Amino acid sequence: MTGVRARVRGDWLGLGAPVVVGVAAVALWQAVVTGFGIEPFVVPAPSDIAAELGANLGVVTDAALATATNALLGLVLGTLLALAGAGISAAWRPVADAATPLVTATAVVPIVCLAPVFYTMFGTDAQTTRVVVAAIAVFVPVYLNTLRGLRTVEPVHRDLMRSYAATPWEATRHVTLPGALPFFYTGLRVASSLAVISALVAEYFGGPVDGLGKAITSAVSSSRYALAWAYVLGAVATGLVFYAVTAVIERNNHAR
Amino acid sequence: MTAVVVSGARRVFDGGTVALADVDLTVGEGELVSLIGPSGCGKSTLLRLIADLDAPTSGSVSVFGKTAERARKDQDYGIAFQQAGLLPWRSVRANVELPMQLRGARGDRADRAQRVARATELLALVGLADFADHRPHQLSGGMQQRVAIARALARSPRLLLMDEPFGALDEMTRERLQDELLRVRATTGAAVVFVTHSIAEAVYLSDRVVVMSPRPGRVVATLDVPLGGPADRAARGIQLREDPVYFERVSAVREALHSGEAASDRVPS
Amino acid sequence: MTAVVVSGARRVFDGGTVALADVDLTVGEGELVSLIGPSGCGKSTLLRLIADLDAPTSGSVSVFGKTAERARKDQDYGIAFQQAGLLPWRSVRANVELPMQLRGARGDRADRAQRVARATELLALVGLADFADHRPHQLSGGMQQRVAIARALARSPRLLLMDEPFGALDEMTRERLQDELLRVRATTGAAVVFVTHSIAEAVYLSDRVVVMSPRPGRVVATLDVPLGGPADRAARGIQLREDPVYFERVSAVREALHSGEAASDRVPS
Amino acid sequence: MSRPSRWSSARRWSSLSRPRRSGLLAGTAGVLALAAAWEAYKALLPDDGWVLGEVRVLPRTTDVAMPHLWDMFARAAEPLTSAPDSPPLWLATLQGAGFTLGVSAVGWAAGVVFGLLVAVLMARFVPARAGLLPWVVLSQTVPLIAIAPLVKRWGAQLEVGTFDWQDWMSVAVIASYLAFFPVSVGALRGFTSPDAAADGVRLDLFRAYGVGWWTTFWRLRAPSSVPYLLPALRLAAANAVVGTVVAEVSTGLRGGLGRMIVEFGASASADPAKQWSPIGGAVLVGLAATGLVALVALGLRRYRVEETA
Amino acid sequence: AGEPEPGAATPVVLQLQWVAQAQFAGYYAAVDQGYYADEGLDVTIQEAGTDTVPIDVLAAGDADYAISWVPKVLGSIEQGTAVTNVAQVFERSGTLQVAFKDAGITEPADLAGKKVGSWGYGNEWELFAGMQDAGIQTPDDIELVQQAFDMNGFLAGDIDAAQAMTYNEYAQILETVNPETGELYQPEDLEVIDWNDHGTAMLQDAIWADAGRLADDEVYAETTVGFVKASLRGWAYVRDNPEEAAAIVTAAGSTLGASHQLWQTNEVNKLIWPSTSGIGTINADQWDQTVEIAMGTRNETGATVISAEPPETAYTNEYVEQALAELAEEGVDTQGEEFEALDVQLTEGGS
Ligand SMILES: Nc1ncnc2c1ncn2[C@@H]1O[C@H](COP(=O)(O)OP(=O)(O)OP(=O)(O)O)[C@@H](O)[C@H]1O
Ligand SMILES: Nc1ncnc2c1ncn2[C@@H]1O[C@H](COP(=O)(O)OP(=O)(O)OP(=O)(O)O)[C@@H](O)[C@H]1O
Ligand SMILES: Cc1ncc(C[n+]2csc(CCO)c2C)c(N)n1
Ligand SMILES: [Mg+2]
Ligand SMILES: [Mg+2]
C-alpha cells in the first residue's frame with residue numbers, strides 16, 4: 001500500500017497538514033479573543049502577541065540566545081557524561097546495577113527541587129547551575145537509550161565477531177557502537193527540547209538576569225501578557241531549533 | 001590430517017536440556033559433511049562447538065589437530081549462519097571486507113588494495129558484482145545470504161561451517177547457490193560442515209550425510225554419497241538430480257531420519 | 001460453480017513494477033491448485049487479489065460467482081499466511097477461536113460452547129490438543145504454523161488460501177502437515193489455492209500445478225497431476241513419493257520452471 | 001529473510017537476565033557509594049569548590065551548600081517549626097509527599113486518558129496524525145511556568161452547577177499537560193505497530209475477516225500497543241510528578257512538596273538541612289509513582305512480552 | 001457600612017501576594033478576632049505562588065480584593081486592568097539593599113561595578129530608580145544577579161549587594177551563624193541602603209478593589225468600606241498585640257520560626273506606624289513620587305513600568321476615609337503616635 005503516491009501524499013500531509021491545523025487554531029484563537037472580548041490575562045490575542053514580538057524582537061532574541069547557550073552547553077555536557085556512563089555501565093554490569101536507583105531517582109526528581117540548592121552549590125552569579133540542570137535533564141534519556149542500544153547486540157553479530165577472534169575493542173568499534181547509534185539518537189532527540197525547557201526553568205530560581213524564563217516572569221508580573229507570550233514563542237522556537245538540528249544530525253549521520 | 005574431530009561431545013544446557021549426548025564426528029580434509037535431523041536435535045549446537053562459539057560440557061573438539069579455540073584464533077574457518085547477519089551500516093563490499101580488515105595486520109595501502117581486489121572477486125563469484133555499493137537492506141533475502149557466503153569465503157579458509165545457509169531461499173536460487181558451493185569447493189579444496197534440513201540438498205552436496213536424532217542429540221546414521229567429487233558434481237548439475245543413485249540416497253536418508261525419529265519417544269515439531 | 005475465476009488480472013504497483021500481467025486462473029470446487037514460481041513472480045500478489053486484500057489494476061476476480069469483496073465480507077474463505085501471524089496475547093485456543101468470535105453473531109452461551117467444541121476439534125486435527133492453553137511463544141515455529149492452519153479452517157470455509165504455509169518447517173514436519181492437509185481436504189471437500197516454492201510439495205498435493213514466470217508475472221504452464229484424489233493420496237502417504245508418476249511430474253515442473261525462467265532476461269534472487 | 005519474531009526473542013533475553021537479587025544489592029551499593037562520595041567530597045575539597053578561571057566547575061562544600069547527610073537526617077527528625085504542636089519534619093514531608101502523589105495521580109490519569117484519545121484520533125485518521133503530531137511535539141516546548149497561571153485562571157472561571165473548580169485541580173491539569181505527551185506518542189506508535197511491514201500479516205488477517213476498524217482496533221491495535229505503552233506510562237508518571245511540583249511552586253498551592261520548597265527557601269541559609277527533606281520527598285514520590293505504574297504493568301503482563309522504548 | 005444581615009455574611013475573597021506570613025498579619029488578625037464577621041463579611045484569604053499576579057486574580061473576578069505593591073499594579077493598570085487602590089496600608093517602603101561592611105558599599109553610587117541582587121517579579125523598581133539617580137547605567141555598569149528565595153547567594157559572596165525586605169530577608173541574614181565568629185551575624189556586620197532615605201521609595205502593600213464594581217455595584221462599594229475598616233482594625237490589633245498577632249499567623253499555616261515571625265510582625269508595624277494621616281490613607285505626595293519613578297525608571301531591558309500618568313480611578317481615599325471615621329467613632333487609634341517598636345531577639349534559623 002505504500003508507494004510513490006502514498007509518499008507524495010505523505011510529504012504533502014507532513015508539511016501542509018500541520019500548517020493548516022496551526023493556521024486554523026490561531027484563527028480560531030483570534031476570533032474567540034476578539035469575539036468574546038477576552039481579557040489579556042486570560043489569554044492574549046495572537047495579533048497582540050505578534051505585535052509585541054515585532055516591537056521587542058531584539059530583546060526576545062537576546063533572551064533566547066542566553067537561554068539557548070546554556071541549553072546547548074548542558075546538552076553537550078549531559079550527552080558526554082551520559083555516553084561515558086552508558087559505556088562504563090555496558091562494559092561492567094555491577095556499575096549499571098549500582099547506577100540504576102540513582103538514575104531512576106534523577107529521572108523522577110523535579111528540576112524545581114534541585115535548582116535552588118544548585119545555585120547555592122555553584123554560585124548564583126554564574127550560568128553554571130543552568131548548564132548543570134540542563135545537563136542532568138539531558139543525561140537521563142541519553143544514558144538510558146544509549147545503554148539499551150549498547151546492550152542490544154544481535155546475537156548473530158556477537159557470534160560473528162567471536163568467530164573472527166575480534167578483540168573487545170574491535171567488536172565494540174565494528175558492531176556495538178554502530179548498532180547503538182540509532183538508540184543514542186532517539187535519546188538525543190528527546191533530550192534536545194528538554195535541555196531548553198530545563199535551562200529556562202532554572203532561570204526562575206537564580207543566576208544572572210538574562211534569559212527567557214526571567215523575561216517571562218518579568219512581563220507577567222506587570223500584566224504584559226502579550227509580551228510574555230512573545231517570549232514563550234521565543235522558547236518554542238528555540239526548542240524547535242534544537243529538535244530540528246538533532247534530527248538533521250541524525251539523518252545525516254545514519255542514513256539508512 | 002583431518003579437518004575436524006569431535007569425540008564424545010556432550011552439551012547440557014543450564015535448564016537441563018541435553019542438546020548433544022556423546023557425539024562423535026570426523027571430517028576429513030576437503031570433505032563435505034552434512035548434518036541433518038529434526039528441528040532441535042542439536043545441529044546448530046554441534047556446529048557452534050566446532051566453531052568454538054560454545055564449549056562442550058564434556059568430550060573434546062579438535063580442528064586441524066589444534067584445540068577449537070586455537071583454530072578460531074588462527075582464523076582457520078569461515079562461518080555462515082542461518083541468518084545472514086550482515087552489518088546494516090556497512091555496504092555490501094565493506095561487509096565482505098570485514099574479516100580481512102579485522103586481520104589485515106598492517107592496514108596500509110597495499111593491504112587495502114589487496115582487500116578491495118579480493119572482495120571484488122568474491123562478489124563476482126556470488127553474482128553480486130553490481131551490488132557492491134548497496135546497503136544490505138537494499139538486497140533481497142537471497143542476495144543477503146550470498147553476501148554472507150562471500151564473507152565466509154573471504155579469507156579462503158580451509159574449513160567452512162555453514163548453518164542452513166540456504167534455508168530462506170526459494171528452490172531455484174537455492175539450487176544455483178548449491179552449484180556455486182560445489183564450484184567453490186572444487187577450486188579451494190576446503191572441508192565443509194553443512195547443516196540443513198533438506199534431504200535433497202544434503203544428498204546433492206555431501207560426501208557424507210550425518211543423520212541426527214532429537215533430544216538428546218545423537219548421531220543415528222552416517223551415509224556415504226558416492227556421486228563423485230565436487231568438480232564432477234558441479235559439472236553434471238541438473239542431471240545429477242535425476243541420477244538413480246541420487247534418488248536412492250534420498251530415500252535412504254529419509255528412512256534413516258524416520259527410524260531415528262521413531263527411536264525417540266516424542267517428536268518435536 | 002467454480003470456486004475462483006481470475007481473468008485477465010493485471011497488477012501494476014506504484015513504482016511501475018508489473019507484478020502480474022494478464023493472468024487467467026480457474027479453480028474448480030474442491031480442487032487443489034498450487035502456484036509455483038521464482039521469488040517475486042507474483043504468487044502472493046495473485047493470492048491477495050483472490051482474498052481481496054489487494055485489487056487488480058485491471059481484469060477481474062470472482063469467488064463463488066461473487067465479487068472478491070463480497071466473498072471476503074461473507075467469510076467464504078479461510079486464509080493462512082507464510083508467517084503464522086498469531087496474536088501473542090491469546091492462548092492457542094483463543095487464537096483458533098478468533099475468526100468464530102469475530103463473526104459469532106450472538107456471543108451467548110450456546111454460541112460459546114459451540115466455539116469451544118470446534119476449536120477443540122481443530123486442535124486435535126493438527127495434533128495440538130495438549131497445547132490449547134499454551135501461549136504462541138511457548139510453541140516451536142512448526143506448531144505455530146499448525147495453529148494458523150487450524151485457524152484458517154475454523155469456519156469450515158469452502159475455499160482455503162494458503163501462502164507458503166509450510167515454508168518455515170523442517171522437512172519431516174512439513175511432510176506430516178502435507179498429509180494432514182490432504183486429509184482435511186478429503187473430509188471437507190474445500191477448494192485450495194496453495195502457494196509454494198517447493199516443486200515436490202506442489203506435485204505431492206495438487207490436482208494442478210500452475211507455473212509462473214517472473215516480472216511481469218505470467219502463467220507459463222499448467223500441469224495436471226494424475227495421482228488420484230485426496231483421500232487416495234493421504235492413504236498412500238510415503239509410497240506416493242516413490243511413485244514414478246510423482247518423479248516424472250517433479251521433473252516436468254522443474255523443466256517448466258527452468259524454461260519459464262529462461263524466458264525472462266534477468267533472474268531475481 | 002526470516003527473523004526470530006519479537007515475541008520469542010524477548011523470551012530468550014529475559015532468560016539471560018541476571019537474578020533480581022544481585023541487582024538489588026548493587027543498587028544499594030550504588031546509593032551507599034553516592035553517600036560516601038558526598039561526604040568524601042565534602043571532606044576533601046575546599047569550601048569554595050574548584051573554580052577554573054571564571055567558572056566554578058566543582059561545587060562548594062560548605063555546610064550550607066552541601067549539608068552532612070547525618071545533619072539532613074537529624075533535621076528530619078526535629079519538628080517542622082518551633083510551634084508547640086509542630087509535627088516532625090519527616091512527617092510533614094511525608095504528608096506533603098502524599099498530597100503531591102495524590103495530585104500527580106489525578107494528573108497522570110487525566111493525561112493518560114487525554115493522551116490515549118489523541119492517539120486514537122491520530123491512529124484512526126491519517127490527516128489528523130499529520131496535522132496534530134507536530135503540534136503535540138511542539139506543545140512540550142512551551143515552558144510550563146508560562147501556562148501554569150493561565151490554567152489556574154481558566155479553572156477558577158469554571159463553575160458548573162454545584163461543581164466548583166478547586167485549585168488542586170488546576171495543578172493536576174498542569175501535571176497532565178506533561179503526562180499526556182509520552183502517552184500520545186507511545187500509544188500512537190503502539191496502535192500503528194501492526195502497520196509495520198514485518199507485522200502486516202496480522203492486519204491482513206483482520207481484513208480477511210471482513211471486520212471494521214474498531215473491531216480491529218480492540219482486538220489487534222490496542223493489545224499490540226501495550227509494549228509501547230508501558231514505558232510511556234512510566235515516563236508519564238515521572239512527568240506528572242515534575243508537573244505537579246512545578247505547578248505547586250507556581251500557583252502556591254498549599255499542602256504539597258512544591259509549596260514546602262518555596263517556604264523552606266526562607267531558612268535555606270540558617271537551616272540548610274531543612275530543604276533537603278522535600279527533595280528526598282520528591283524522589284520518593286517519583287519512585288512511588290513509577291512503582292504504581294509497575295502495578296498497572298503487572299495487570300497487563302499478558303500483553304507485554306517485550307517492551308519497546 | 002450597611003447593617004449586616006443577620007446570619008447571611010457576605011462572602012469575600014482576599015488575594016495575598018505571597019504565602020501566609022506576618023507581612024499580612026493584619027488580615028489574619030481581623031479574621032481571627034472576628035472583625036470581618038462584625039462587618040458582616042465572611043473573608044477567605046488566598047495565598048499566592050511565584051507566578052500569581054494578585055491584581056489579575058482580582059480583575060478576573062476570582063478575588064474581591066487583592067494586596068499588592070503600587071508599582072506592580074501601575075503596570076497592570078496601563079495594560080487595561082481596572083483596579084483602584086482603596087487603602088495604602090504600608091506608608092513606608094521595606095526594601096533595602098544590603099552589603100557586608102567590607103564590600104565598601106554605603107550609598108547607591110557604590111553599587112557601580114558590583115554584583116547586585118535583584119528579585120525581579122516587579123519587586124526591583126526601587127533599586128533601579130536608586131541606581132539611575134546615582135548615575136549608574138544598567139545593565140552596563142553593574143552585574144545584575146537574579147536573587148533566589150534564599151540569601152545563600154549573598155552569604156556566599158556571589159552577590160555584593162542583595163535586595164532584602166526589612167521584615168524578611170534582612171532577618172534571614174541575622175539568623176545565620178557567621179562562620180568567622182561562630183555567632184549570629186550582627187547588624188554591625190552589614191551596610192544597608194534604605195530607599196526611604198534616598199528618595200526612591202515606592203508605595204508597597206495596598207488594598208486593591210475592582211474599579212468597575214466600585215462604580216456600578218453599590219453593595220460592593222459598601223462591602224469595601226467594611227472590608228477596609230475591619231482590615232485596618234486588624235492592623236491596629238497587630239500594633240497593640242504583636243506577640244499574639246505573630247502566633248495567629250503561625251496558626252494560619254506559616255512555617256516561619258517563632259522569632260522570625262515576631263521580627264516580621266514588628267518590622268511591618270514600623271512600616272505602618274506611626275501613620276501620618278491615619279492608616280490606609282493614600283498621601284498624594286507619596287503617590288506622585290511613586291508614579292514619577294514608575295514613569296522615569298528603566299530596567300535592564302530598557303522598559304519602564306508605565307509610560308503615562310495612571311487614570312483618576314487608580315486610587316481613592318473615599319472608602320478609607322469612611323472606614324477611618326467609623327473606626328474613630330469606635331475608639332480605635334488609627335494613627336499610632338504612641339507606637340513603640342519591640343526589640344526582637346532573632347535566634348539561629350529564626351526558630
Ligand atoms: N542457549 C540455550 N539454552 C538452553 N537450551 C538451548 C540453548 N540453545 C539450544 N538449546 C536447546 O538445545 C537443543 C538443540 O538446539 P539446536 O539449536 O542445536 O537445534 P538444531 O538442531 O539446530 O535445530 P533447528 O533445526 O531448529 O535449527 C534444543 O532442544 C534447544 O532447545
Ligand atoms: N506493495 C508493493 N509495492 C510495490 N511492489 C510490490 C509490492 N508488493 C509486491 N511487489 C512487487 O511485486 C512483485 C511480486 O511480488 P510477490 O510478493 O507477489 O512475489 P511472490 O511470488 O510471492 O514472491 P515470494 O516467493 O518471494 O513470496 C515483486 O517484484 C515485488 O517486488
Ligand atoms: C519568585 C519569587 N521569588 C522571591 C520572591 C521574594 N519576595 C520578594 S518581595 C516579597 C514579598 C515580601 O516578602 C517576596 C516574598 C518573590 N516574591 N517571588
Ligand atoms: Mg539450528
Ligand atoms: Mg510471496
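Residue numbers begin at 1 in each chain, while the letters A, B, ... track the order of the sequences. None of these values were measured; they are calculated from a predicted model.
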Under 4.5 Å, counting heavy-atom pairs only, tell me which of [options] racks up the most with chain D.
options	result
E:L155, E:V53, E:T255	E:T255
E:G257, E:A156, E:G61	E:A156
E:M151, E:E47, E:E175, E:Q261	E:E47
E:A60, E:S259, E:G157	E:A60

More than 12 foreign heavy atoms under 6.0 Å from [atom1] of [X]: is that the case here?
X	atom1	result
D:F114	CZ	no
D:W90	CH2	no
D:F73	CZ	no

Point to revise | salt_bridge(E:D56, D:K152) N-O dist < 4.0 Å | key: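 Looking at D:K152 together with E:D56, the answer is no, because their closest N to O distance does not fall below 4.0 Å.
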Chain D contact via [X] - which portion, at a heavy-atom distance below 4.5 Å:
X	result
E:V19	both
E:A171	neither
E:D62	side chain
E:T52	both
E:A247	neither
E:A48	backbone

Point to revise | chain E-proximal positions within residues 245-268 of chain D [heavy-atom distance under 4.5 Å] | key: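 When heavy atoms of chain E are the reference, residues 245-268 of chain D contributes D:V249, D:S250, D:T251, D:G252, D:R254, D:R259, D:V262, D:E263, D:F264, D:G265, D:A266, D:A268 within the under-4.5 Å range.
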Check your understanding: Where do D:A270 and E:E348 come nearest, in terms of heavy atoms and distance?
Key ->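 Reported closest heavy-atom pair: O-OE2, 4.1 Å.
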Review point. Hey, mind stepping through E:N152 and D:S269 against side-chain hydrogen bond (donor to acceptor under 3.5 Å, both in side chains) and telling me if it holds?
Key: CA-CA 5 Å; E:N152 288 348; D:S269 310; 2.7 Å; yes
Exercise for review: Return each pair, listed once, that meets salt bridge (Lys or Arg N to Asp or Glu O under 4.0 Å) where at least one residue sits in residues 248-260 of chain E; pairs must be two or more places apart or across chains.
Suggested key: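 Residue pairs passing salt bridge (Lys or Arg N to Asp or Glu O under 4.0 Å), neighbours aside: none found.
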Review point. Side chains of E:D158 and D:R60: closer than 4.5 Å at any heavy-atom pair?
Key: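 Answer yes - side chains close enough.
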